[in-house]
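No experiment lies behind these values; they were computed from the predicted model shown.
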Amino acid sequence: MEHGSFTDHSHATFSLTEEDHTLANAVRFVLNQDPRVTFCGYSIPHPSHARVNIRVQTTGDPAREVLKDACQDLMLMNRHVRGVFDNAVADFKKGNQTESMDVGPVAGK
(Lines give C-alpha, C1' and ligand atoms only; values in the text may rest on other atoms or scores of the structure.)
Protein backbone atom coordinates (compact mmCIF):
# COMPACT_ATOMS: atom_id res chain seq x y z
CA MET A 1 0.00 0.00 0.00
CA GLU A 2 1.27 3.47 -0.85
CA HIS A 3 0.68 6.53 1.30
CA GLY A 4 1.60 9.81 -0.32
CA SER A 5 0.46 13.09 -1.74
CA PHE A 6 -1.88 13.27 -4.70
CA THR A 7 -0.07 16.37 -5.99
CA ASP A 8 3.61 15.67 -5.22
CA HIS A 9 4.69 12.17 -6.25
CA SER A 10 8.31 12.70 -5.23
CA HIS A 11 7.75 11.38 -1.71
CA ALA A 12 5.70 8.51 -0.36
CA THR A 13 5.57 5.86 2.32
CA PHE A 14 5.07 2.27 1.21
CA SER A 15 3.63 -0.29 3.61
CA LEU A 16 4.71 -3.88 2.90
CA THR A 17 2.91 -6.69 4.68
CA GLU A 18 4.44 -10.02 5.65
CA GLU A 19 7.94 -8.50 5.56
CA ASP A 20 10.59 -7.66 8.15
CA HIS A 21 14.08 -6.18 8.55
CA THR A 22 15.55 -8.60 5.99
CA LEU A 23 13.85 -7.11 2.95
CA ALA A 24 13.43 -3.59 4.32
CA ASN A 25 17.12 -3.10 5.08
CA ALA A 26 18.17 -4.48 1.68
CA VAL A 27 15.72 -2.18 -0.14
CA ARG A 28 16.86 0.78 1.99
CA PHE A 29 20.49 0.04 1.10
CA VAL A 30 19.77 -0.07 -2.65
CA LEU A 31 17.61 3.07 -2.49
CA ASN A 32 20.35 5.00 -0.70
CA GLN A 33 22.73 4.19 -3.58
CA ASP A 34 20.39 5.91 -6.05
CA PRO A 35 21.33 9.56 -6.72
CA ARG A 36 17.64 10.40 -7.21
CA VAL A 37 16.92 9.59 -3.55
CA THR A 38 17.24 12.39 -1.00
CA PHE A 39 15.93 10.34 1.94
CA CYS A 40 15.07 6.72 2.55
CA GLY A 41 14.33 4.90 5.74
CA TYR A 42 12.13 2.21 7.12
CA SER A 43 10.30 1.44 10.32
CA ILE A 44 8.47 -1.49 11.79
CA PRO A 45 5.35 -0.09 13.48
CA HIS A 46 5.00 -2.94 15.97
CA PRO A 47 7.16 -6.04 16.51
CA SER A 48 4.19 -8.40 16.59
CA HIS A 49 2.92 -7.29 13.16
CA ALA A 50 4.73 -8.52 10.05
CA ARG A 51 4.74 -5.14 8.31
CA VAL A 52 7.33 -2.53 7.39
CA ASN A 53 6.94 1.05 6.24
CA ILE A 54 9.50 2.33 3.75
CA ARG A 55 9.72 6.11 3.29
CA VAL A 56 11.17 7.39 0.00
CA GLN A 57 11.85 11.02 -0.91
CA THR A 58 13.36 11.86 -4.27
CA THR A 59 14.75 14.84 -6.15
CA GLY A 60 11.60 14.98 -8.25
CA ASP A 61 11.14 11.56 -9.84
CA PRO A 62 8.06 9.60 -8.75
CA ALA A 63 8.87 7.71 -5.55
CA ARG A 64 6.94 4.70 -6.82
CA GLU A 65 9.19 4.41 -9.90
CA VAL A 66 12.35 4.85 -7.85
CA LEU A 67 11.23 2.10 -5.45
CA LYS A 68 10.37 -0.15 -8.39
CA ASP A 69 13.83 0.43 -9.91
CA ALA A 70 15.46 -0.33 -6.55
CA CYS A 71 13.56 -3.61 -6.26
CA GLN A 72 14.64 -4.60 -9.77
CA ASP A 73 18.27 -3.73 -8.94
CA LEU A 74 18.02 -5.81 -5.77
CA MET A 75 16.68 -8.77 -7.77
CA LEU A 76 19.65 -8.49 -10.17
CA MET A 77 22.07 -8.34 -7.25
CA ASN A 78 20.48 -11.44 -5.72
CA ARG A 79 20.68 -13.31 -9.04
CA HIS A 80 24.37 -12.45 -9.30
CA VAL A 81 25.09 -13.58 -5.73
CA ARG A 82 23.14 -16.79 -6.29
CA GLY A 83 25.07 -17.49 -9.51
CA VAL A 84 28.44 -16.94 -7.84
CA PHE A 85 27.38 -19.15 -4.92
CA ASP A 86 26.13 -21.95 -7.20
CA ASN A 87 29.38 -21.84 -9.20
CA ALA A 88 31.46 -21.98 -6.01
CA VAL A 89 29.48 -24.99 -4.74
CA ALA A 90 29.89 -26.76 -8.10
CA ASP A 91 33.66 -26.06 -8.11
CA PHE A 92 33.93 -27.30 -4.53
CA LYS A 93 32.07 -30.51 -5.35
CA LYS A 94 34.28 -31.12 -8.40
CA GLY A 95 37.44 -30.65 -6.35
CA ASN A 96 36.34 -32.92 -3.52
CA GLN A 97 35.08 -35.93 -5.46
CA THR A 98 36.63 -39.09 -4.13
CA GLU A 99 36.26 -42.73 -4.96
CA SER A 100 34.33 -44.77 -2.47
CA MET A 101 36.03 -44.23 0.82
CA ASP A 102 36.91 -47.13 3.08
CA VAL A 103 36.24 -45.86 6.56
CA GLY A 104 37.11 -49.15 8.24
CA PRO A 105 35.13 -51.01 10.85
CA VAL A 106 32.28 -49.17 12.53
CA ALA A 107 32.56 -48.98 16.32
CA GLY A 108 30.05 -51.09 18.21
CA LYS A 109 29.52 -53.69 15.48
Side-chain angles (χ1 to χ4, degrees):
M1 177 182 343
E2 178 181 350
H3 305 280
S5 170
F6 289 113
T7 57
D8 185 3
H9 298 287
S10 68
H11 57 274
T13 300
F14 302 90
S15 184
L16 307 177
T17 58
E18 302 301 321
E19 295 299 341
D20 58 12
H21 290 284
T22 304
L23 178 68
N25 195 40
V27 170
R28 181 200 56 81
F29 173 80
V30 174
L31 280 166
N32 280 322
Q33 305 301 311
D34 192 325
R36 300 174 294 175
V37 175
T38 58
F39 173 81
C40 176
Y42 77 91
S43 66
I44 296 182
H46 195 276
S48 66
H49 297 133
R51 182 172 48 127
V52 296
N53 295 328
I54 300 177
R55 177 72 177 174
V56 180
Q57 292 176 251
T58 70
T59 56
D61 292 27
R64 176 186 295 224
E65 294 301 317
V66 173
L67 177 64
K68 181 180 168 187
D69 292 346
C71 290
Q72 289 173 339
D73 290 346
L74 185 58
M75 283 184 1
L76 292 173
M77 290 169 66
N78 286 332
R79 282 187 191 147
H80 174 72
V81 169
R82 178 64 187 255
V84 170
F85 178 78
D86 288 345
N87 289 339
V89 168
D91 290 346
F92 177 79
K93 286 181 178 180
K94 273 194 258 180
N96 287 321
Q97 287 181 347
T98 58
E99 299 298 322
S100 62
M101 294 177 47
D102 182 19
V103 292
V106 177
K109 289 198 174 185

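Of the possible polar contacts, one joining the T58 side chain to the S10 backbone as a donor-acceptor pair under 3.5 Å is found.
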Inset, instruction - Evaluate the criterion side-chain hydrogen bond (donor to acceptor under 3.5 Å, both in side chains) for residue pair T13 and R55; output intermediate values, then yes/no. - result: CA-CA 4 Å; T13 300; R55 177 72 177 174; 3.1 Å; yes
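When every heavy atom of P35 is checked against every heavy atom of T59, the shortest pair comes out as O-CG2, 4.1 Å. Shortest non-hydrogen contact noted between N53 and P45 is ND2-CG, 3.4 Å.
Every side-chain hydrogen bond (donor to acceptor under 3.5 Å, both in side chains) that S48 has, sequence neighbours left out, goes to H46. With sequence neighbours excluded, the residues satisfying side-chain hydrogen bond (donor to acceptor under 3.5 Å, both in side chains) with D86 are R82. Residues satisfying the ring-ring contact (aromatic ring centres under 6.0 Å, His included) test with H80, not counting sequence neighbours, are none.
The distance from atom CG of L16 to atom CD1 of I44, rounded to the nearest 0.5 Å, is 10.5 Å.
L76 shares a hydrophobic cluster with no other residue; no ILVMFWY side chain has heavy atoms under 4.5 Å from its own.
V52 and F39 are assigned to two separate hydrophobic clusters, defined by single-linkage of ILVMFWY side chains at heavy-atom distances under 4.5 Å. Linking ILVMFWY side-chain heavy atoms closer than 4.5 Å, directly or via other members, places L31 and M77 in a single hydrophobic cluster.
Within the structure, the side-chain hydrogen bond (donor to acceptor under 3.5 Å, both in side chains) test picks out the following pairs touching residues 69-79 (sequence neighbours left out): R36-D69.
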May I have the list of side-chain donor-acceptor pairs in residues 21-29 shorter than 3.5 Å, sequence neighbours left out?
residue : atom : partner : partner atom : Å
H21     : ND1  : Y42     : OH           : 2.7
T22     : OG1  : D20     : OD1          : 3.3
N25     : OD1  : R28     : NE           : 3.0
N25     : OD1  : R28     : NH2          : 2.8

